[in-house]
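Here's the structure we're looking at; comments come further down.
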Amino acid sequence: MKKNKEKIAIIGGGISGIATSVYLIEKGYKVDIYESKKNLGGRAGSINKDEKSIDIGQHVFLPSYKNFIEILEKLSSTKYLSIGKKLKIVIQENSKKYHLKSNVSIYPLNLIFSVLNYKNLKFYERLKIIFALYKLSKLDNHKSKISLESWLKKNNQNNEMIKKFWEIICIPAFNSKLNKIPINHAVNLFKTMIFNYKKNIGICFFKKPFSEILSENYRNYIKKNNSNLFLGEKIVNIHYSKKKYLLEGKNQNLKYDKVILATNISNAINLGGLNSKKIKLSTDGIINIYFWFDKKVIDEDFISFSNSKLEWIFSDNKFRSKNKEFRIVISLSAVGNLIKLSNEKLISDYEKTLRKELNISQKTKTIKSLLIRSPKATQTQTGYKDLNQKNKKMYYVGDWTIKDLPNTMETAVLSSKKLVEKYFK
Ligand SMILES: Cc1cc2nc3c(=O)[nH]c(=O)nc-3n(C[C@H](O)[C@H](O)[C@H](O)COP(=O)(O)OP(=O)(O)OC[C@H]3O[C@@H](n4cnc5c(N)ncnc54)[C@H](O)[C@@H]3O)c2cc1C
């Protein structure tokens with residue numbers, strides 16, 4: 001069968017579904033892509049509030065997210081990315097600002113100088129962090145079951161170093177507390193994102209809501225390549241008969257030779273016939289609290305906090321401040337039971353802390369606030385070793401399908417790349 005005669009459906013218009021479609025199209029396939037929501041981007045996507053688009057949560061990435069950035073390049077969408085060229089993180093503790101930054105752009109000197117400049121820790125503590133980073137870069141013990149926290153303690157990292165450095169970097173990167181991060185995940189992430197990249201890194205983020213970044217360009221890309229995008233089309237069932245998959249949707253009922261499930265785990269179980277008893281699922285939540293003020297409250301694009309419940313805050317002063325509204329988002333990772341508290345309580349508690357930490361005067365008014373919960377922001381499964389098998393014509397992609405890396409936008413794209421390279425000639 002010729003490639004373009006083989007009918008392929010992708011279910012899910014998140015990053016992995018989009019990346020899969022791009023890789024397949026490049027190999028000469030035509031695809032139909034189904035997304036249950038009205039917009040693209042999945043967990044990295046946006047919602048509409050008061051006729052404005054707002055990201056479900058603040059997303060950050062590094063220049064080492066090579067595959068993710070490459071997909072956006074192919075969709076002509078990189079002009080909406082703010083790419084950090086130098087490491088520069090402001091860390092605030094008890095109203096005092098410290099810097100994790102380096103003016104040197106050569107790896108690994110950039111990392112070494114950043115840590116040496118971080119005066120929130122004693123000098124010998126900074127040296128010990130550099131040594132631990134070096135050891136991590138040399139570690140290749142994928143079978144070890146210990147947690148990152150245990151490994152750090154074994155490697156002379158005291159509580160101060162863990163709180164003021166490792167937690168600030170690792171909790172949001174993994175959306176997990178350090179005692180729950182397997183050391184092999186930590187090694188893999190640090191290697192993929194920093195050690196193997198061997199170049200300068202800085203924090204990157206989107207200049208406008210991610211669903212907007214994607215929408216026009218992706219629609220055009222799909223159209224230009226004789227493929228189809230069905231938005232607002234939830235697939236509720238998949239039937240297999242006479243070597244074809246019949247996808248049952250709200251409006252469409254079409255037959256396909258191959259189906260790629262680019263959904264979250266639970267929908268992959270429901271639609272794709274994975275054995276739910278075999279899967280051990282673990283999830284953790286993220287909460288984002290947006291505040292709009294009538295005055296600018298920080299100059300930086302982002303600040304992280306040590307010894308405060310604020311964790312990380314981001315402003316959009318540079319890109320989105322219109323109508324004299326200045327937006328701050330508080331991004332809380334690995335939230336555990338915090339997710340159970342009411343919106344009112346969370347908003348009021350965090351507004352008080354934000355005002356105190358940033359010393360915001362009473363004259364500065366809060367125009368509005370919005371809390372967005374993502375209870376299953378990250379999802380990992382143990383049970384299935386190889387989800388995708390030869391001779392099968394239903395496949396799985398998504399951040400959760402790569403077991404030894406945390407859920408990130410780069411992991412989502414990597415899963416698509418691996419699938420297409422292995423199973424589609
Ligand atoms: C609040 C938050 C903050 C985050 N921050 C970061 C960050 O800073 N950096 C980072 O790298 N990563 C971050 N992540 C993780 C990142 O967003 C994910 O790893 C990535 O977006 C996953 O993409 P995916 O395509 O694998 O899955 P998803 O985004 O979950 O995509 C699955 C898609 O399938 C659709 N779907 C499901 N079932 C059906 C059906 N039956 N029919 C049709 N469509 C269906 C869903 O609507 C969804 O659009 C964050 C996640 C959240 C929630």
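Numbering starts at 1 and runs along the sequence shown. Indexing begins at 1, ligand by ligand and atom by atom, following the structure's order.
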- Task: Compute the ring centroids of Tyr80 and Phe206, then answer whether they are less than 6.0 Å apart.
- Result: no

- Query: Do the charged groups of Glu70 and Lys66 touch, with an N to O distance under 4.0 Å?
  - Reply: no

- How does Ile11 reach ligand 1, if at all, at less than 4.0 Å between non-hydrogen atoms: by side chain, backbone, both, or neither? side chain

- Do Thr378 and Asn175 have a side chain donor and acceptor closer than 3.5 Å? yes

- atom 29 (O) of ligand 1 sits nearest the protein heavy atom Arg43 N, 2.7 Å

- Query: Taking atom types as modelled, is there a side-chain donor on Ser282 or Thr380 under 3.5 Å from an acceptor on the other?
  - Reply: yes

- Of all the non-hydrogen atoms in the protein, which one sits nearest to atom 23 (O) of ligand 1, and at what distance? Ala412 CB, 3.7 Å

- How about Ser21 and Tyr218: does a side-chain donor come under 3.5 Å of a side-chain acceptor? yes

- Message: Is it the case that the ring center of Tyr395 lies less than 6.0 angstrom away from the ring center of Phe424?
- Response: yes

- Item | Nearest neighbour in protein (non-hydrogen) for atom 35 (C) of ligand 1 | Glu35 OE1, 3.3 Å

- Message: Using a strict threshold of under 4.0 Å (side-chain N to carboxylate O), is an ion pair present between Lys177 and Glu149?
- Response: no

- Ligand-residue contact atoms, ligand 1 with Tyr34, heavy atoms, under 4.0 Å: 43 (C), 44 (N)

- Message: With heavy-atom distances below 4.5 Å as the criterion, would you say the side chains of Glu248 and Ile238 are in contact?
- Response: no

- Considering heavy atoms of the protein only, find what lies nearest to atom 2 (C) of ligand 1 and give residue, atom and distance to 0.1 Å. Ile286 CD1, 3.6 Å

- Message: Is it true that Glu357 and Ser308 share a donor-acceptor pair across their side chains at a distance under 3.5 Å?
- Response: yes

- Message: Evaluate Thr408 for polar contact with ligand 1, using N/O atom pairs at a separation under 3.5 Å.
- Response: yes

- With a cut-off of 4.0 Å, which atoms of ligand 1 are near a heavy atom of Ser374? 1 (C), 53 (C)

- Message: Can you name the atoms of ligand 1, numbered from 1 with element, that are less than 4.0 Å from a heavy atom of Ala262?
- Response: 31 (O), 32 (C), 33 (C), 34 (O)

- Answer side chain, backbone, both or neither: which part of Leu271 comes under 4.0 Å from ligand 1, heavy atoms only. side chain

- Which option, His59, Glu233, Lys38, owns the non-hydrogen atom nearest atom 51 (C) of ligand 1? His59

- Query: Applying a strict 4.0 Å limit to heavy atoms, is Glu410 in contact with ligand 1?
  - Reply: no

- Message: Please confirm whether Phe61 approaches ligand 1 to less than 4.0 Å, judged on its heavy atoms.
- Response: no

- Message: Taking the side chain as everything from C-beta on, heavy atoms only, tell me whether Lys74 gets closer than 4.5 Å to Glu26.
- Response: yes

- Task: Under 4.0 Å from a heavy atom of Ala377: give me the atoms of ligand 1 that qualify, with their elements.
- Result: 52 (C), 53 (C)

- Query: Does the gap between the ring centers of Tyr245 and Tyr240 come in under 6.0 Å?
  - Reply: yes

- Message: Going by side-chain hydrogen bond (donor to acceptor under 3.5 Å, both in side chains), name the residues that satisfy it together with Asn67, two or more places apart in sequence or in a different chain.
- Response: Glu410, Lys417

- Message: What I want to find out is whether Asp257 reaches Lys7 closely enough, with some N-O distance under 4.0 Å, to be called a salt bridge.
- Response: no

- Residue portion contacting ligand 1 (non-hydrogen atoms closer than 4.0 Å) for Tyr65: side chain

- Among protein heavy atoms, which lies nearest atom 31 (O) of ligand 1, and at what distance? Gly14 CA, 3.5 Å

- Gln58 heavy atoms within 4.0 Å reach ligand 1 at atoms 5 (N), 8 (O)

- Kindly write out the residues that satisfy side-chain hydrogen bond (donor to acceptor under 3.5 Å, both in side chains) with Ser374, not counting sequence neighbours, or none if the list is empty. none

- Quick one: nearest non-hydrogen protein atom to atom 43 (C) of ligand 1, plus distance? Ser36 N, 3.3 Å

- Query: Is ligand 1 under 4.0 Å from a heavy atom in the side chain of Ser415, in the backbone, in both, or in neither?
  - Reply: neither

- Query: With backbone taken as N, CA, C and O and side chain as the heavy atoms from C-beta onward, which portion of Thr411 lies under 4.0 Å from ligand 1: side chain, backbone, both, or neither?
  - Reply: neither

- Looking at atom 42 (N) of ligand 1, what's its closest protein heavy atom, distance included? Ile235 N, 3.0 Å

- Item | Ionic contact status for Lys180 with Asp284, cut-off 4.0 Å | no

- Message: So for ligand 1, is Gly398 a polar contact partner (N or O within less than 3.5 Å, distance only)?
- Response: no

- For atom 19 (O) of ligand 1, find the nearest protein heavy atom and state the residue, atom name and distance (0.1 Å precision). Asp399 OD2, 2.6 Å

- Just let me know how Ile15 lines up against ligand 1, side chain, backbone, both or neither, with a heavy-atom cut-off below 4.0 Å. both

- Query: For ligand 1, does Ser16 get within less than 4.0 Å through its side chain, its backbone, both, or neither, judged by non-hydrogen atoms?
  - Reply: both

- Query: Does Val60, backbone or side chain, put an N or O under 3.5 Å from an N or O of ligand 1?
  - Reply: yes

- Side chains of Asn217 and Ser76: donor-acceptor distance under 3.5 Å anywhere? no

- Query: Given that the side chain starts at C-beta and the backbone is N, CA, C, O, which of these parts of Asn267 lies under 4.0 Å from ligand 1, counting heavy atoms, or is it both or neither?
  - Reply: side chain

- Looking at Gly42, which atoms of ligand 1 are within less than 4.0 Å of one of its heavy atoms? 29 (O), 48 (C), 49 (O)

